[in-house]
Amino acid sequence: MSKLVEKQEWFQVAEAFEASGLTQKEFSAQRGLRLSTPQSWVYRRRRQCPQKAPAVRLLPVEVSAIAPPSPALLKVVLANGARLRFPAGADVDYVARLVTSLGR
């Protein structure tokens with residue numbers, strides 16, 4: 001068998017692998033091949049016949065406004081490890097009473 005024919009056949013094996021959806025290990029096991037053989041030919045085929053990436057379509061974007069910063073949270077960690085979060089501007093007296101009653 002000539003080298004050119006052999007190379008074409010291995011390229012067909014590499015194409016079959018890529019179309020199979022299997023891992024190289026699974027494909028090799030099904031075909032009774034050593035794992036390194038399809039790995040080598042897939043690498044050679046990809047290097048020799050690079051596939052063209054599909055064209056990227058860019059869309060225009062318009063920024064309308066900057067988002068306001070998220071409100072700061074008041075975070076309280078109790079002695080037992082419980083974590084409480086309150087929105088900015090929460091009633092401090094309420095938070096104090098809640099923390100006191102949860103600490104009992």
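The structure places OG1 of T23 at 8.5 Å from CG of L35, a figure rounded to the nearest 0.5 Å. Between atom CG of residue L102 and atom CG of residue L84 there is a gap of 6.0 Å, rounded to the nearest 0.5 Å. Within the model, atoms CD of Q39 and CZ of R34 stand 10.5 Å from one another, a figure rounded to the nearest 0.5 Å. Distance check, rounded to the nearest 0.5 Å: OG of S40 to CZ of R45 gives 13.5 Å. Rounding to the nearest 0.5 Å places NZ of K25 at 13.5 Å from CD of Q30.
Contact check for S101 versus R97: no side-chain heavy atoms found under the 4.5 Å cut-off. E18 is listed as a side-chain neighbour of V42, based on a closest heavy-atom distance under 4.5 Å. The shortest side-chain heavy-atom distance between F11 and Q48 falls under the 4.5 Å cut-off. Counting heavy atoms from C-beta outward, D91 and V95 have side chains that stay 4.5 Å or more apart. By the 4.5 Å heavy-atom criterion applied to side chains, V76 and R83 are not counted as neighbours. Counting heavy atoms from C-beta on, the side chains of Y94 and F86 come closer than 4.5 Å.
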Item checked: Intermediate values then yes/no, side-chain contact (heavy atoms from CB on, under 4.5 Å), R85 and L74 -> CA-CA 6 Å; R85 293 188 177 116; L74 171 62; over 6 Å; no
Margin query: Assess the residue pair K7 and W41 against the criterion (side-chain contact (heavy atoms from CB on, under 4.5 Å)); give the C-alpha distance rounded to whole Å, side-chain angles, the decisive distance to 0.1 Å, and a yes or no.
Written below: CA-CA 9 Å; K7 183 176 183 178; W41 284 102; 3.8 Å; yes
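At least one donor-acceptor pair closer than 3.5 Å links the side chain of S28 to the backbone N or O of Q24.
Closest heavy-atom contact between W10 and L33: CH2-CD2, 3.9 Å.
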